[in-house]
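Reckoned from all heavy atoms, side chains included, excluding hydrogens, waters and symmetry mates.
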2 protein chains.
Amino acid sequence: MTEVATSRRSRITPEREAELYEAVLELLREVGYDALTMDAVAARTRSSKATLYRQWGGKAELVAKAVRHSKPGGMALEEIDTGSLKGDLHALTLMSDDCTMEQNSALMRGLAMVVHGNPELLRAFHEHLIEPEMAVFRRVVQRAIDRGEVREDNPAIEFVMHMMMGGFAARTLIDEQPPTQAFLLSYIDAVVLPALGAPTT
Amino acid sequence: MTEVATSRRSRITPEREAELYEAVLELLREVGYDALTMDAVAARTRSSKATLYRQWGGKAELVAKAVRHSKPGGMALEEIDTGSLKGDLHALTLMSDDCTMEQNSALMRGLAMVVHGNPELLRAFHEHLIEPEMAVFRRVVQRAIDRGEVREDNPAIEFVMHMMMGGFAARTLIDEQPPTQAFLLSYIDAVVLPALGAPTT
């Protein structure tokens, strides 16, 4: 029995996909993850539940992909290559404006809570959000190593995501305000670059 | 009308206070912040709601103080003074065992979510949890400055809490496992000390 038994996924247009993700994020902000149902998504987007399940498998994957879709990505990220680690990290930060960042911060904190005790969502999150983001940072850091800006054996390399996420997530709790571009840029210059031993100017 | 109109707070013993905080944390883990009621706390601890309100003012303050109470603090923290920044940060980390850290991590993530959109809880959190913790780090860093380990004008100084909190909070999301002492010690050595320009050996 080596034959592939899964039926081929039906295609939906990128426009329709974007519309669906928008609706999922809207519902997520309105009712939160736990109260969000596939029925509500189907009703809001006038699609059938069967289609949703066929296309996304389940709520966890649908939500993770919707969140992923709301972040800058794809081609734009690929194009970032300023010639310095500082330049690349700044450019990555500047891709989200302050309003988007505030929305993402609220969303991520909401989901960070739900992820706890929900292995399915944690896995979907890891696959569709954390991993792609880590891949971007790995590529940026690898170029810095190739240019000689960062030593290959610097122990901070494996913590780049922790540092970035920390600055982003801790901002609200510590400073009672959402993260902004200005805050993240100074955090990169004061913390991330020095930890990596990379030039700050 | 300059007369102080508030009645004097009745005293409760430290043992009774500890008992109450334990019960609040228990309830918090069972039902979460939103569903936790002063009625439930009163019932669980066989105290009157009037006493709870007189002593703590409200749910936000009671919960923040209960969480604070569960962390190592007071005299033990004051006594940490190993003679180096690395030694002090490691000693602070080693005060919580891995099991306590895992519980705290779950609790903090749960509350980080609720704090959003709840200014009263955010304020109580800031006053009873973030501020005391920041005071500890400020004292430790100030001693490092006085010893000449850290330059007074190092821009990473204002981000020490962000870095530490980031390592702690990002661990679950990025690595799908709770923070441990071993993880935090290597994070301190790889990130926090180099960012502050302090000796790592």
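Taking the six-membered ring where tryptophan is involved, the planes of A:H69 and A:Y21 are tilted, since the angle between them lies from 30° to 60°.
Both the backbone and the side chain of A:S186 come within contact range of chain B, judged by heavy atoms closer than 4.5 Å. For B:M134, the part lying near chain A is the side chain, with the backbone staying farther off; criterion is any non-hydrogen pair under 4.5 Å.
A salt bridge between B:E22 and B:R44 is absent, with no side-chain N of the basic residue lying under 4.0 Å from a carboxylate O of the acidic one.
Interface remark: of the candidates B:G167, B:A156, B:A190, B:P194, B:A190 forms the most heavy-atom pairs closer than 4.5 Å to chain A. Annotation: maximal heavy-atom pairing with chain B below 4.5 Å, among A:M161, A:M163, A:H126, occurs at A:H126.
Contact annotation: the side chain of B:H90 approaches that of B:D189 to within less than 4.5 Å [non-hydrogen atoms, C-beta and beyond].
Residues passing the ring pair (Phe, Tyr, Trp, His ring centres under 6.0 Å) test with B:F168: none are found, sequence neighbours excluded.
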